[in-house]
Amino acid sequence: MVQPERIFNLKTTDTDNGNVVYWMSRDQRASDNWALLHALELSLRMKTELAVVFCLSDNFPGANIRHYDFMMEGLNELSSNLQLKNIPFYLLQGDPIPNLRRFIVENKVSHLVCDFDPIRIKQQWKEELSKEAEVNIDEVDTHNIVPARLVSNKAEFGAYTIRPKINRLLNEYLIEFPDLPVQEKTVTFKLQQTDWVGIYDRLEVDRAVLPVEWIHPGESAARDMMEYFLGNKISNYANGRNDPNEDFLSNLSPYLHFGQIASQRIALETQKNNSQDQNTQAFLEELIIRKELSDNYCFYSPAYGSLDSIPDWAKKTLAEHKKDEREHTYQLEEFENSLTHEDLWNAAQKEMVITGKMHGYMRMYWAKKILEWSASPEEAMEIAVYLNDKYGLDGRDPNGYAGCAWAIGGLHDRAWSERPVYGKIRYMNRNGAKRKFNIAKYIAKWSNVE
DNA sequence: ATCGGCTCGCGCAA
DNA sequence: TGCGCGAAGCCGAT
């Protein structure tokens, strides 16, 4: 039984006893998925059929073939996993709203289940669908451990304000998932088989940003990555996570972004370690508190990803320093092609372009310097978000928007000593990086790679 | 190596 | 109303 607080009813109609469809979007997995479990429960209660539908929109803002490749391979594996449970999976290409409307009518669907997502376009889609389709709609938060709508009803000021709210509810929601049962009903949904290759070839997206090889998409690869992290790397997490020359990070963010693994699953497995251990503590803080704070930020700040969403003290101080002279100023193209005067920054940019991921410590440094070297804070924010979304496999995610707003706009942070350009926004520089790790080694690693 | 100051405002205690 | 303390730091003093 899915906890009722996870379920948020978006629309109720008079129509009942039709089929059920789970419109999967953010949480692309068969196991550990409360939305899917709820959809199956609904179909059992009404003695009707369940299908899963994924709408593949060509012009999803900022997405390119690197993202589509990772996502579609994951969806392909997902469709086989669902088949084992006798749950049909349909990949519909194009604008989701007309596709879903048609699907609902053709398959006599009375109940639609969707997952929770604070990203703007997802919210718009749900609003449009509510208006344009005669169907009951339930939204299930299966991305956050403590449902985002429940944990707080406003944009939180910082980690320290959301932490007690999450911790208060954690025991209740950080529970084991049931196995996904097999659908007993004979399936009669009308649609042909998914043409995976054809759909991939027809995608009208930027194909210049290449897929990456070092990380493999899909639920089972996500589990492997998690197990490798917990078995080999987490024991160095607290002290080693800020050294970009070391490989102590979980590398789970691409999987989390596409929902190929549940953060709740990772938290459950992590807890099986000694939970008093400082490495476990540090990792869980990032996995739970900071990650769910990002969802809170995007959900309650309509202007997320821009400087309209930052606290007043930060707006004020950035405005006061808007006209400060910049020692270096670069345009998007120069940033994008690693053409700044600084080898350390250029190395970080290359790491992201080549691998689809940038080390956590360097992300902060990277975004701070974009603020320092752009014509205005607004332009800096735009450039940082654009580059992170375009090259990061974990881009277009609340974590990225919160991260850029933290570095450039003081979001969830406090004021610090005033200085040129930054104002009271926390400053970072090369000396700090030098104190923490061997920057020459990091620079060398990326300087000769094309 | 370690520490305090920098500087703002939320949230809780009183 | 006062006070403690906070998403990842920097800098200078000791």
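To find a chain, count down the sequence lines: A is the first, B the second, and so on, and within it residues start at 1.
- A:Phe116 does not carry A:Arg26 over the face of its six-membered ring by the limits of under 6.0 Å from the centre and within 45° of the normal.
- Residue A:Arg163 has a polar side-chain atom (N or O) positioned under 4.0 Å from OP1 or OP2 of C:dA7.
- Contacts of A:Lys154 with the nucleic acid, taken as non-hydrogen atoms under 4.0 Å apart, involve only primed sugar atoms and P, OP1 or OP2.
- Using a 4.0 Å cut-off, no side-chain N or O of A:Lys316 falls inside it from OP1 or OP2 of B:dC8.
- Atoms CG (A:Asn296) and P (C:dA7) sit 13 Å apart, rounded to a whole Å.
- As rounded to the nearest Å, B:dA1 and C:dA7 have P atoms that lie 27 Å from one another.
- In this structure, A:Arg207 is positioned above the aromatic face of A:Tyr200, its NZ or CZ under 6.0 Å from the six-membered ring centre and within 45° of the axis.
- Across all strands shown, C:dA7 forms no Watson-Crick or G-U wobble pair with both key distances under 3.5 Å.
- As the counterpart of C:dG2, B:dC12 is assigned, both hydrogen-bonding distances of the Watson-Crick or G-U wobble pattern falling under 3.5 Å.
- A straight line from CH2 of A:Trp416 to C1' of C:dC5 spans 11 Å, rounded to a whole angstrom.
- When the C1' atom of C:dC10 is taken as reference, atom NZ of A:Lys424 falls 17 Å away, rounded to whole Å.
- Look at CG on A:Asn242: it is 11 Å from C1' on C:dA7, rounded to the nearest Å.
- As rounded to whole Å, 10 Å separates atom P of C:dA7 from atom CD1 of A:Ile289.
- A:Arg363 comes within 4.0 angstrom of nothing in the nucleic acid, heavy atoms only.
- No engagement by A:Lys368 is indicated, since no non-hydrogen atom pair under 4.0 Å with the nucleic acid exists.
- To the nearest 0.5 Å, atom NE2 of residue A:His328 and atom CD of residue A:Glu342 are 8.5 Å apart.
- Per the geometry, CG belonging to A:Leu411 stands 13 Å off C1' belonging to C:dG6, to the nearest Å.
- Regarding A:Arg419, its CZ atom lies at a distance of 9 Å from the C1' atom of C:dC11, rounded to whole Å.
- Across C:dC11, B:dC8, B:dG9, the shortest atom-to-atom separation from the side chain of A:Phe157 is found for B:dG9.
- Residue A:Trp313 is in sugar-phosphate contact alone, with no base atom involved, counting any heavy-atom pair closer than 4.0 Å across all strands shown.
- A:Asn429 comes within 4.0 angstrom of sugar-phosphate atoms only, judged by non-hydrogen atoms across all strands, and of no base.
- Side chain of A:Tyr160, nearest nucleotide from C:dA7, C:dC10, B:dG11: C:dA7.
- In this structure, A:Arg430 reaches neither bases nor backbone, as no heavy-atom distance under 4.0 Å exists between it and the strands shown.
- Side-chain proximity of A:Ala402 to C:dC10, C:dA7, B:dG11: nearest is C:dA7.
- Per the geometry, CZ belonging to A:Arg435 stands 6 Å off P belonging to C:dC11, to the nearest Å.
- Side-chain polar atoms of A:Tyr401 and A:Asp389 form a donor-acceptor pair below 3.5 angstrom.
- Side chain of A:Ala159, nearest nucleotide from C:dA7, B:dC6, B:dC10: C:dA7.
- Listed nucleotides C:dA7, C:dC10, B:dG11 differ in distance to A:Glu156; the shortest reach to its side chain belongs to B:dG11.
- Contacts of A:Met364 with the nucleic acid, taken as non-hydrogen atoms under 4.0 Å apart, include base atoms.
- With distances taken from any side-chain atom of A:Ala415 to the nucleotides C:dC11, B:dC10, B:dT7, the minimum falls on B:dT7.
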Begin from the C-alpha positions of A:Phe70 and A:Tyr255 and carry the test ring-ring contact (aromatic ring centres under 6.0 Å, His included) through to its verdict.
CA-CA 9 Å; A:Phe70 193 89; A:Tyr255 298 114; 5.7 Å; yes

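- Counting only N and O atoms by type, the side chains of A:Glu73 and A:His216 include no donor and acceptor under 3.5 Å apart.
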